[in-house]
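Along the sequence shown, residues are numbered consecutively beginning with 1.
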Amino acid sequence: MNILVVGGGGREHAMTAAIARSRKDPSIYAVMSKKNPGIAALCEDFLLEKETDVEKVVEFAVSKNIELVVVGPEAPLAVGLADALEDAGISVASPKRKVAQLEFDKAWARNFMRNNNIAGCPVFDVFTEKDAMDAFIDELGNVAIKPSGLTGGKGVKVMGDQLPDVEAAKEYAAGLLDMGSVVVEENLVGEEFTLQAFVDGKNLAFMPTVQDHKRAFENDLGPNTGGMGSYNEAGEILPFLTAEDVESSKQIMKDTIKALHKETGQEYKGTLYGQFMITKDGPRVIEFNARFGDPEAMNVLPLLESDYVDVLAAMASGTLDKLEVKFSNKATVCKYAVPAGYPDHPTKDREVVVGDIGDAVLFYSSVYEKDGKVYTTGSRAVAVVGVADSIAKAEEIAQIALENLSGDLHYRSDIGKADLIQRRIDHMKQIRGQ
């Protein structure tokens with residue numbers, strides 16, 4: 001089978017590596033904007049092109065007799081790449097534009113949740129005019145501000161973190177109005193976690209829960225990033241969650257898939273990412289993404305025991321209920337090495353040298369290869385993943401690997417450490433009144 005992966009980051013490297021493990025021995029092709037050496041090494045051929053250039057991606061897919069496509073990043077989904085590929089007669093294990101707007105249009109997504117009585121929706125409203133928006137910010141008192149469109153995980157700001165007070169929230173929100181509508185919602189208090197699922201339009205196969213760390217520096221300090229690293233516990237449930245928390249979140253995602261079909265007339269086929277906040281009142285939806293998270297893909301895909309090609313084909317064909325999707329009962333810790341100065345003033349075009357990473361798994365992200373050497377682009381560069389029976393052992397494996405990367409790089413060494421996780425556990429006990 002000829003399979004095309006669209007995208008050239010760490011998430012897509014993890015997806016490509018999972019496809020390459022398939023017992024079906026598929027021929028893999030890729031479209032990416034820069035040459036990711038990890039992806040390129042696993043491919044029969046690849047096209048260096050913007051992933052949002054729909055015409056060129058489809059042309060490449062047709063020329064290579066591609067039978068199945070999976071799209072990694074959100075931007076190609078927002079321009080309707082899945083629609084165009086299907087129109088060309090090619091199966092796609094990623095959602096079409098109408099249902100992918102669950103991610104790329106936050107105003108639409110919130111209104112969709114409210115109109116369909118989806119549980120976990122925070123108090124919110126959508127604004128295009130400053131005075132009404134300011135009044136709503138005053139009314140809520142403690143808010144999160146979100147631009148409606150795609151921001152690469154860095155456009156959302158919340159009071160108490162990036163916004164010190166109500167006046168700062170109003171100023172930031174007003175500045176976003178130039179780009180379109182702005183979502184203002186209650187600032188949720190709790191612990192964030194990610195729940196992802198493979199979806200075939202009706203059926204969902206869930207993955208282990210993961211916690212991402214957005215802040216750039218140790219102890220959750222500094223500006224937000226696309227994600228500095230993440231971890232999961234052996235089994236399905238993170239240490240600060242309960243089985244009920246996870247079941248409630250699963251139900252929210254099931255109800256969302258059902259309502260999407262009802263609302264749009266289109267089935268959602270692909271990976272669905274739910275970012276949740278567990279609060280004293282249960283899970284609340286921070287946002288949905290129409291694809292794998294990055295870095296969360298790098299936690300769960302190495303644990304996938306089922307054949308990923310079978311999973312992709314089942315999503316595309318609506319037959320996921322015929323497939324048992326299994327993950328190994330292991331913990332993982334993913335840590336990113338990023339350019340010095342990231343995210344605000346990152347260094348670029350600096351060589352990255354990979355030494356002995358031991359038992360860790362390595363995924364190249366925003367890098368490019370030239371003359372056999374790997375260079376940074378200014379965004380997250382390389383992720384290393386430890387896989388073990390415990391979070392502590394997985395963290396140790398990942399940390400050793402990080403210390404054997406050379407270059408003008410920065411990383412967080414605290415992700416997956418016991419004291420940081422214990423703070424999450426204690427925080428949730430306090431919130432639950434335990």
Side-chain angles (χ1 to χ4, degrees), residues 14 119-120 153 188-198 204-215 219-220 227-254 271-289 292-305 325-336 383 385-399 412 414-434:
L188 299 167
V189 177
E191 283 293 333
E192 291 186 27
F193 69 97
T194 300
L195 177 62
Q196 301 172 108
F198 299 120
L204 291 82
F206 289 98
M207 308 178 211
T209 53
V210 181
Q211 187 173 52
D212 183 18
H213 295 69
K214 292 285 189 188
R215 296 306 191 90
N219 296 310
D220 298 320
M228 292 294 293
S230 46
Y231 70 97
N232 76 279
E233 178 65 282
E236 184 182 51
I237 303 173
L238 287 162
F240 57 83
L241 296 177
T242 67
E244 185 181 354
D245 296 332
V246 177
E247 287 307 310
S248 297
S249 303
K250 287 181 178 180
Q251 191 60 52
I252 289 170
M253 291 174 69
K254 289 175 183 176
T271 300
L272 178 65
Y273 165 113
Q275 186 181 20
F276 293 90
M277 181 79 79
I278 190 67
T279 72
K280 63 181 177 61
D281 300 314
R284 296 291 181 266
V285 176
I286 298 173
E287 66 177 359
F288 288 114
N289 290 337
F292 270 117
D294 183 340
E296 293 97 334
M298 291 175 267
N299 297 96
V300 296
L301 281 172
L303 302 180
L304 182 62
E305 291 184 349
V325 179
K326 293 177 64 178
F327 293 85
S328 58
N329 190 32
K330 299 278 190 180
T332 69
V333 173
C334 174
K335 300 192 185 193
Y336 252 120
V385 181
V387 181
D389 291 329
S390 67
I391 296 173
K393 181 60 179 174
E395 187 279 327
E396 185 181 305
I397 292 169
Q399 187 61 34
R412 282 183 60 171
D414 62 341
I415 294 170
K417 289 279 177 66
D419 56 346
L420 195 62
I421 295 171
Q422 189 61 48
R423 275 165 45 190
R424 266 62 176 174
I425 296 169
D426 294 343
H427 185 214
M428 280 315 305
K429 283 182 177 178
Q430 180 187 13
I431 285 173
R432 297 183 206 269
Q434 296 174 341

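Asp426 and Gln422 share a donor-acceptor pair across their side chains, judged by distance under 3.5 Å alone. Using a 3.5 Å distance cut-off with no hydrogens or angles, the side chains of Gln211 and Glu191 do pair a donor with an acceptor. Side-chain contact annotation: Asp294 with Tyr336, donor-acceptor N/O pair under 3.5 Å present. Using modelled atom types and a 3.5 Å distance limit, the side chains of Thr194 and Glu296 yield a donor-acceptor pair. Checked by atom type, the side-chain pair Ser230/Asp212 shows no donor-acceptor distance below 3.5 Å.
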Practice item. Start with the C-alpha distance between Arg432 and Asp245, add both sets of side-chain angles, then the distance that settles salt bridge (charged side-chain N to carboxylate O under 4.0 Å, His left out), and finish with yes or no. Key: CA-CA 12 Å; Arg432 297 183 206 269; Asp245 296 332; 2.7 Å; yes
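Side-chain N or O atoms of Asn232 include none that pairs as donor or acceptor with a backbone N or O of Pro208 at under 3.5 Å. Using a distance-only test at 3.5 Å, with no hydrogens or angles considered, a donor-acceptor pair links the side chain of Thr209 to the main chain of Leu238.
Pairs engaging residues 274-285 under the salt bridge (charged side-chain N to carboxylate O under 4.0 Å, His left out) rule: none recorded [sequence neighbours left out].
Residues Phe292 and Gln196 have side chains in contact (heavy-atom distance under 4.5 Å, counting atoms from C-beta outward). Using a 4.5 Å cut-off on side-chain heavy atoms (C-beta onward), Phe240 and Ile278 make contact.
The minimum heavy-atom distance linking Ile397 with Ala388 is given by the pair CD1-CB, 4.2 Å.
Within 6.0 Å of the CD atom in Gln434, the count of heavy atoms belonging to other residues, nucleotides or ligands exceeds 12.
Taking a cutoff of 4.0 Å between a charged side-chain nitrogen and a carboxylate oxygen, Glu395 and Lys335 qualify as a salt bridge. Taking a cutoff of 4.0 Å between a charged side-chain nitrogen and a carboxylate oxygen, Arg412 and Asp220 qualify as a salt bridge.
Partners of Glu236 under the salt bridge (Lys or Arg N to Asp or Glu O under 4.0 Å) rule, at least two apart in sequence or in another chain, are Lys250.
Between Phe276 and Phe193, the angle of the ring planes stays under 30°, which puts this pair in the parallel group of the 30/60° scheme.
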